[in-house]
A.B. asks: 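Can you read through this structure? Questions will come right after.
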Amino acid sequence: MDRRPTSRDADAVTRVVIVGGGTAGWMAATALSRFFGSSTCSITLVESDAIGTVGVGEATIPPIVGFNSMMGIPEEEFMRETRATYKTAIEFVGWGSPNSRYMHPFGAFGQDFHGIPFHQLWYSARSRQKSGQFDEYSMSAAAARAGRFAKPGRNEQTPLAHIGYAFHFDATLYAAYLRRRAEHQGVKRQEGRIVKVHRNGESGDVASVELEDGTGIDGDIFLDCSGFRGLLIEEALETGYEDWSQWLPMDRALAMPTSNVGALHPHTRATAHAAGWQWRIPLQHRTGNGHVFCSSYMDADEAERILMENVDGEALAEPRLLKFSTGMRKKAWNHNVISLGLSSGFIEPLESTSIHLIQQGVLRFVALFPERRINPAERDEYNANLRQTYEYVRDFVIMHYKANRREDSEFWRAMQAMEVPDSLQHRLDLWQVHGRIFPKEADIFVTPSWAAVLFGQEVWPERPDQVVDGLVVEHVDKALDDIHTAYRGTAARLPTHEEYLRKIGAWSDRADARPD
C-alpha cells in the first residue's frame, strides 16, 4: 500500500538527503531505508569518488552485533565481505606501568553473589591473596589470551555463555557492503561534489545542495556525513565545536596496514608509548596498525619511527598521517541538519567507539524521525541524548590516561596530574573509597568495564565494600577458584580463531590471497 504523503501533507518529511558516504553515510542510508523505505520518503546519498574517506576505524564494541541484526545482515556473509574477525577484548600493554598488561574484555566477570557485584568479591579475595589477576575471571579474556573463539549456542548454560564479542573489519569494505544493501532497498546514490549550500531565507534551514555540474538536490532533512569538515553542520550553519583537548590532547595518528604474521588473535591491542599509544587490529587479510600521539610532546617523524619499529609483518602501504581535535559539535542536530560520524565529533579510538557513536546517532534519529515538520522538543531530546553518550565515552577514555602509573615521560606525568571533568572525578572518588561503580542510563561502558580498567591499571580502593564482610570467605574463595578453572578449561577446548571462522563459513577466500 502506498504510504507516500498526499497533497494534504505539505509539511511532511518526504525527502532525506545524506551528504557524504563512508561508514557514517551508508550506515544511515541502510537504517533509514530499512525502517522507512521508499513508501515513506525518498533517500538520496551524495558522495564524490574524488573525495577520500578516513577509513581506519576497524574495531568495534558489542552493540554493533545488534545493529547488524536489526539491519537484517547475515553475520557470516558480513564477515566474508568485510574480511572480519571476532573481537572479545582489548589488551592494554604498558598503561599501568611500562611492563604491565591487562585485558578489558567484553561481557561480565564471573558471577555476582547474593546481589554483590563480582568485582567486590574479587577485591576481597585479593586482599587475602586468594585470587589471580582480575581478567582471569572473564570468559572473553580467557578466549582472547588463548587465541581461541566460539559463540555460545542458543540457551547454552556452559561458561561459554558468558562470552561477549564484537568485530574487527575493514571499514572501507563495510561501507561498500552497506551501500549494496541500501541501494537494493531503494536508496539513490548521486555522484558529485557539493559546491554550494542553499538555505531558506525565512527559517534558516538548509533547502538544497548544489553540485559542480549545477545539479540541485532539495531535501526536508539533511544528514551531514562529510567528515571533519562538517560541510553543512559547520560551514553552512556555523554550529560551533566544543574542544576537549585539555583532557585528551592526542591530535595526530599514523595509520599503516601490514601483512598478517602468526596466529589470528581475537582481540585488539593498545600499547602505550612515550607520548601516546599504538593499535594493532587483526583482520583476515591484513593487520591494521596505528600510532596515536600528541604533537606537543612528539613530532611526526619520531612517531613514525616508533610505529615502524613496533609492527609485525611486511608494511603494505606508507604510514598515513591523520590530524584531529577531540570534541563534539555544540549541537549534533541544528535546524534540519543532523551530523553523524566525524562531522558530529571525535573521540580517539582507544576504546573502539567511533563506529558505535555513528550507530547511536543513526538509531536515535530513527527513533525521533519527524513525521511532519521538525518538533523542537524532539530535536532537543536528540541533542541531549547524544551529548550524554559522547560525554560518558569521553570520561571513560580520559580515565585510562588519568589512571596511568608511568613515570618515564613528561607526557604521562602530565596526564596523571591533569584535572578531569567533574563527572569523571565524582566516579573516581566513589571508586577510591569502596570500589563502588554506579553507571548512568546512557553509559556504553558499565560496571565490568570500569572495574577492568581501574584494577588493570592498579587503582586500588581503600577497601572492598563492607557488604562483602557478611559472606563466608571460604565460599567466596571456592567460587572464584571454580570460575577461574571453568573459564580457563573452556577456552583451551575452543577452536582457534581462524579455525572457527572457516568452520562457520565466515572466512573469505580472498583473504588467502595477498592483501588488496
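Only this structure's heavy atoms are used, side chains among them; waters, hydrogens and symmetry mates stay out.
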A.B. asks: Give a yes or no on whether the ring-centroid distance for F293 and W277 is below 6.0 angstrom.
C.D. replies: no
A.B. asks: So, R305 and E302, do they make that salt bridge, N to O below 4.0 Å?
C.D. replies: yes
A.B. asks: Mind checking the CD-CG spacing from E191 to D213? Nearest 0.5 Å is all I need.
C.D. replies: 10.0 Å
A.B. asks: Please tell me if the side chains of H400 and E351 come closer than 4.5 Å, counting only heavy atoms from C-beta onward.
C.D. replies: yes
A.B. asks: Taking the side chain from S259 and the backbone from E314, do they hold a donor-acceptor pair closer than 3.5 Å?
C.D. replies: yes
A.B. asks: Look at atom CD of E76 and say whether more than 12 heavy atoms of other residues, nucleotides or ligands are closer to it than 6.0 Å.
C.D. replies: yes
A.B. asks: When you measure from the side chain of D224 to the backbone of I338, do you find a donor-acceptor pair of N or O atoms at a distance under 3.5 Å?
C.D. replies: no
A.B. asks: Between F445 and Y392, is the ring centroid distance below 6.0 Å?
C.D. replies: no
A.B. asks: In this structure, which one of R286, R510, R80 forms a salt bridge (Lys or Arg N to Asp or Glu O under 4.0 Å) with D170?
C.D. replies: R286
A.B. asks: Does a salt bridge link E348 with R394, judged by any charged N lying under 4.0 Å from a carboxylate O?
C.D. replies: no
A.B. asks: Does K331 use its side chain to pair, donor to acceptor, with the backbone of T239 at less than 3.5 Å?
C.D. replies: no
A.B. asks: Answer whether the closest heavy-atom distance between the side chains of D220 and V17 falls below 4.5 Å.
C.D. replies: no
A.B. asks: At what distance, to the nearest 0.5 angstrom, does OG1 of T23 lie from CG of L178?
C.D. replies: 8.0 Å
A.B. asks: Return the set of residues passing ring pair (Phe, Tyr, Trp, His ring centres under 6.0 Å) with H265 (not counting sequence neighbours), or none when no residue passes.
C.D. replies: H267
A.B. asks: Start with the C-alpha distance between F369 and F36, add both sets of side-chain angles, then the distance that settles ring-ring contact (aromatic ring centres under 6.0 Å, His included), and finish with yes or no.
C.D. replies: CA-CA 10 Å; F369 191 86; F36 301 110; 4.3 Å; yes
A.B. asks: Rounded to the nearest 0.5 Å, how far apart are CD of Q185 and OG of S33?
C.D. replies: 4.0 Å
A.B. asks: Donor-acceptor check, side chain of E58 to backbone of H168, threshold 3.5 angstrom: yes or no?
C.D. replies: no
A.B. asks: Can E81 and R180 be counted as an ion pair, charged N to O under 4.0 angstrom?
C.D. replies: yes
A.B. asks: Within the 3.5 Å criterion, strictly below it, is a donor on E77 or Y177 matched to an acceptor on the partner's side chain?
C.D. replies: yes
A.B. asks: Determine whether the aromatic ring centres of residues F78 and F167 are separated by less than 6.0 angstrom.
C.D. replies: yes
A.B. asks: Quick check: are there more than 12 heavy atoms from other residues, nucleotides or ligands sitting under 6.0 Å from CD of E419?
C.D. replies: no
A.B. asks: Quick check, are the ring centers of F67 and H356 under 6.0 angstrom apart?
C.D. replies: no
A.B. asks: Can you name the nearest heavy-atom pair linking F346 to S354, along with the distance?
C.D. replies: CE1-OG, 4.3 Å
A.B. asks: If we ignore angles and hydrogens, is there a donor and acceptor under 3.5 Å between the side chains of S325 and D243?
C.D. replies: yes
A.B. asks: Quick check against the 3.5 Å criterion: does S409 have a side-chain atom that pairs as donor or acceptor with the backbone of A274?
C.D. replies: yes
A.B. asks: Looking only at non-hydrogen atoms, find the nearest pair between G94 and R406 and report the distance.
C.D. replies: O-NH1, 2.7 Å
A.B. asks: Hey, is NE2 on H426 packed in by over 12 heavy atoms from elsewhere, all under 6.0 Å?
C.D. replies: no
A.B. asks: Do D218 side-chain atoms and S208 backbone N/O form a donor-acceptor pair below 3.5 Å?
C.D. replies: no
A.B. asks: With ring centroids as reference points, do F455 and W431 lie under 6.0 angstrom apart?
C.D. replies: yes
A.B. asks: Any salt bridge linking D312 with R280? Criterion: basic side-chain nitrogen under 4.0 Å from a carboxylate oxygen.
C.D. replies: yes
A.B. asks: Any heavy-atom pair between the side chains of L211 and I217 that's under 4.5 Å?
C.D. replies: yes
A.B. asks: Do the ring planes of F169 and Y174 sit parallel (below 30°), tilted (30 to 60°) or perpendicular (above 60°)?
C.D. replies: tilted
A.B. asks: Enter the distance from K440:NZ to T389:OG1 here, rounded to the nearest 0.5 Å.
C.D. replies: 14.5 Å
A.B. asks: According to the interplanar angle, ranging from 0 to 90°, do the rings of F396 and W450 count as parallel (below 30°), tilted (30 to 60°) or perpendicular (above 60°)?
C.D. replies: perpendicular
A.B. asks: How about E91 and Y102: does a side-chain donor come under 3.5 Å of a side-chain acceptor?
C.D. replies: no
A.B. asks: Using a strict 4.0 Å threshold on nitrogen-to-oxygen distance, state whether E234 and R229 make a salt bridge.
C.D. replies: no
A.B. asks: Below 6.0 angstrom between ring centroids: does that apply to F106 and Y165?
C.D. replies: no
A.B. asks: Distance-only, no hydrogens or angles: does the D251 side chain make a donor-acceptor pair with backbone N or O of S295 under 3.5 Å?
C.D. replies: yes
A.B. asks: Are C41 and V13 packed together at the side-chain level, in the sense that at least one heavy-atom pair is separated by less than 4.5 angstrom?
C.D. replies: no
A.B. asks: Check whether any side-chain heavy atom of L232 sits under 4.5 Å from a side-chain heavy atom of S226, and report yes or no.
C.D. replies: no
A.B. asks: Quick one: which of I347, I398, V397 gives a side chain to side chain contact (heavy atoms under 4.5 Å, CB included) with W244?
C.D. replies: I347
A.B. asks: Do NZ/NE/NH1/NH2 and the carboxylate oxygens of R320 and E318 come within less than 4.0 Å?
C.D. replies: no
A.B. asks: Please step through ring-ring contact (aromatic ring centres under 6.0 Å, His included) for the pair F365 and W333, ending with a clear verdict.
C.D. replies: CA-CA 9 Å; F365 176 59; W333 183 346; 5.7 Å; yes
A.B. asks: To the nearest 0.5 Å, what is the distance between CG on N334 and CD on E238?
C.D. replies: 10.5 Å
A.B. asks: Identify whether the distance between the nearest side-chain nitrogen and carboxylate oxygen of D443 and R427 falls below 4.0 Å.
C.D. replies: yes
A.B. asks: Can you check whether L283's main-chain N or O pairs, donor with acceptor, with N260's side chain at less than 3.5 Å?
C.D. replies: yes
A.B. asks: What's the verdict on ring-ring contact (aromatic ring centres under 6.0 Å, His included) for Y297 and W412, showing C-alpha distance, side-chain angles and the deciding distance?
C.D. replies: CA-CA 10 Å; Y297 292 87; W412 291 108; 10.0 Å; no
A.B. asks: With side-chain contact (heavy atoms from CB on, under 4.5 Å) as the criterion, how do E391 and S423 come out once you've worked through the C-alpha distance, each side chain's angles and the decisive distance to 0.1 Å?
C.D. replies: CA-CA 9 Å; E391 288 181 348; S423 51; 5.9 Å; no
A.B. asks: Measuring from T353:OG1 to Q359:CD, what's the distance to the nearest 0.5 Å?
C.D. replies: 11.5 Å
A.B. asks: Main chain of G37, side chain of T40: is a donor-acceptor contact present, judged purely on distance under 3.5 Å?
C.D. replies: no
A.B. asks: Do the non-hydrogen side-chain atoms of P439 and T447 ever get within less than 4.5 Å of each other?
C.D. replies: yes
A.B. asks: Can a donor-acceptor pair be found, under 3.5 Å and without considering hydrogens, that links the side chain of N404 to the backbone of M415?
C.D. replies: no
A.B. asks: Does CG in D429 sit with more than 12 non-hydrogen atoms of other residues, nucleotides or ligands closer than 6.0 Å?
C.D. replies: yes
A.B. asks: Answer yes or no: is there an ion pair linking E242 with R387, defined by an N-O contact shorter than 4.0 Å?
C.D. replies: yes
A.B. asks: Are the charged groups of E47 and R189 less than 4.0 angstrom apart, N to O?
C.D. replies: yes
